[in-house]
Amino acid sequence: MTSFQEEVYKVVRKIPKGRIMSYKSVAKKAGRPLSWRAVGNILNRHQEPGLPCHRVIRSNGKIGGYRRGVRKKTLLLKKEGIIIKNDRVCS
DNA sequence: CTAATGACCATTA
DNA sequence: ATAATGGCCATTA
């Protein structure tokens, strides 16, 4: 476990249901404003159970990726009340 | 140690 | 509006 992973998990865990956060904002909140690229890396191969990593999307509004399939991610988000249209969240 | 790899980002064409 | 490009940083090989 590296310290960066710890911080990222800590931040992602705090995202309330129905809310979303960009990879960049997560990095910033984790204390490393320039490490947003690595955040994607960590969320990609994380194995932490119950981590709501599906609430982290791109900063441009697109859904982004998901280890177990983007389908699953959009489904989960929809289930939490987030409207998604054409791989994009509605504002 | 160095080099490659991404669930990315902002800018430019 | 989309597509290509350069940069970014922790992790992994």
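Within 4.0 Å of A/Leu34, counting heavy atoms only, lie sugar-phosphate atoms of the nucleic acid but no base atom.
Legend: residues meeting side chain to side chain donor-acceptor pair (under 3.5 Å) with A/Glu80, ordered by chain and number and at least two apart, are A/His54, A/Arg55. For A/Ser25, the side chain to side chain donor-acceptor pair (under 3.5 Å) partners two or more places apart in sequence, or in a different chain, are A/Ser22. For A/Arg67, the side chain to side chain donor-acceptor pair (under 3.5 Å) partners at least two apart in sequence or on another chain are A/Asn44. Evaluation of the salt bridge (Lys or Arg N to Asp or Glu O under 4.0 Å) rule for A/Lys10 yields A/Glu7 as partners, not counting sequence neighbours.
Considering every non-hydrogen atom in both A/Tyr66 and A/Cys53, the closest pair reads CE1-SG, 3.8 Å. Closest approach of A/His46 to A/Leu43, counting heavy atoms only: CD2-O, 3.1 Å.
Judged by distance alone, the side chain of A/Arg88 and the main-chain N or O of A/Asn60 form a donor-acceptor pair under 3.5 Å.
B/dC9 atom P lies 13 Å from atom CE of A/Met21, rounded to whole Å. Across the protein-nucleic acid pair, A/Ile42 atom CD1 and B/dC8 atom C1' stand 13 Å apart, rounded to whole Å. One interatomic measurement links the two molecules: CZ of A/Arg32 to P of C/dC9, which rounds to 12 Å at whole-angstrom precision.
Here the OH atom belonging to A/Tyr9 is positioned 6.5 Å from the CD1 atom belonging to A/Ile42, to the nearest 0.5 angstrom. Going from atom CG of A/Leu76 over to atom CZ of A/Arg71 covers 11.0 Å, rounded to the nearest 0.5 Å. Note: A/Lys85 NZ to A/Lys78 NZ = 11.5 Å, rounded to the nearest 0.5 Å. Taken to the nearest 0.5 Å, the NZ atom of A/Lys14 stands 14.5 Å off from the CZ atom of A/Arg19.
Residue A/Leu77 belongs to a hydrophobic cluster whose other members are A/Ile20, A/Ile57, A/Ile63, A/Val70, A/Ile82, A/Ile84, A/Val89, with links defined by side-chain heavy atoms closer than 4.5 Å.
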Taking only N/O atoms, report every protein-nucleotides 11-13 of chain B pair under 3.5 Å with atom names and distance.
none

Do any N or O atoms of the protein come closer than 3.5 Å to N or O atoms of nucleotides 3-7 of chain C, and which pairs are they?
| unit_1 | atom_1 | unit_2 | atom_2 | d |
| --- | --- | --- | --- | --- |
| C/dG7 | N1 | A/Arg37 | NH1 | 3.2 |

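Paired regions of DNA chain C, where each region holds three or more successive Watson-Crick or G-U pairs whose two hydrogen-bonding distances fall under 3.5 Å, are B:2-6 with C:9-13, B:8-13 with C:2-7.
The stretch residues 46-62 of chain A touches DNA chain B through A/His46, A/Cys53, A/Arg58, A/Ser59, each having a heavy atom under 4.0 angstrom from the strand. Within residues 2-13 of chain A, the residues that place at least one heavy atom under 4.0 Å from DNA chain C are, in residue-number order, A/Thr2, A/Phe4, A/Gln5. Across residues 68-91 of chain A, A/Lys73 each have a non-hydrogen atom less than 4.0 Å from an atom of DNA chain B (numbered order).
At the phosphate of B/dA10, OP1 or OP2 sits under 4.0 Å from a side-chain N or O atom of A/Lys24.
Side-chain atoms of A/Arg13 and A/Glu48, non-hydrogen and from C-beta on, do get closer than 4.5 Å to each other.
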Per-pair distances, 0.1 Å, donor-acceptor, side chain in residues 29-39 of chain A, under 3.5 Å, sequence neighbours excluded:
none

